Amino acid sequence: VKSVSTKIEVKDEQNKILQILIENSKEKPLVSVNYFIPDEKKQGGRYDVYTGNIRKVDDGEFCVIFTDGTKIAISDIYSIEGEIFDFVEI
């Protein structure tokens, strides 16, 4: 896990990726998400990777919800990888 001083902003490409996840969430795709975890005591934070099956993308709460209940804020996501993207042009 790498410590960083500031959060990297979400790329435009990720909006396309999130749309693919929304359209395919019924299949509960397995993905790995690289996301930012803010430091609770000071500015900055770190990046971590979570791997799991997506239950849904909640655009009301602006988060990705996994089948085990884990929630990751869309604004904290740096990158998403998974086989679901192998067959789509981004």
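What you see is a predicted model, and the numbers here were worked out from it, not measured in a lab.
- Remark: D58 pairs with K56, E61, C63, I65 by the side-chain contact (heavy atoms from CB on, under 4.5 Å) rule, at least two apart or across chains.
- Looking at residues two or more places apart in sequence or on another chain, you find no side chain to side chain donor-acceptor pair (under 3.5 Å) involving T67.
- Residues passing the side chain to side chain donor-acceptor pair (under 3.5 Å) test with T51, sequence neighbours excluded: S32.
- Grouping the Ile, Leu, Val, Met, Phe, Trp and Tyr side chains by contacts below 4.5 angstrom, directly or via other members, places F62 apart from V33.
- Partners of K41 by salt bridge (charged side-chain N to carboxylate O under 4.0 Å, His left out), not counting sequence neighbours: none found.
- For the atom pair N34 CG and I77 CD1, the distance stands at 10.0 Å (nearest 0.5 Å).
- Under the side-chain contact (heavy atoms from CB on, under 4.5 Å) criterion, D68 pairs with Y50, F66, T70, sequence neighbours left out.
- The distance from the CD atom of E83 to the CG atom of L30 is 7.5 Å, given to the nearest 0.5 Å.
- Across all non-hydrogen atoms, the minimal contact from Y35 to V49 is CE2-C, 4.2 Å.
- A ring-centre distance under 6.0 Å is found for Y78 and Y47.
- Every side chain to side chain donor-acceptor pair (under 3.5 Å) that E23 has, sequence neighbours left out, goes to Q19.
- The closest side-chain heavy-atom distance from V57 to I74 is below 4.5 Å.
- The OG atom of S25 sits 8.5 Å away from the CD atom of E27 when rounded to the nearest 0.5 Å.
- Using a 4.5 Å heavy-atom cutoff, the side chains of D48 and R46 are in contact.
- Here the CD1-CD1 distance, from I80 to I20, works out to 9.5 Å after rounding to the nearest 0.5 Å.
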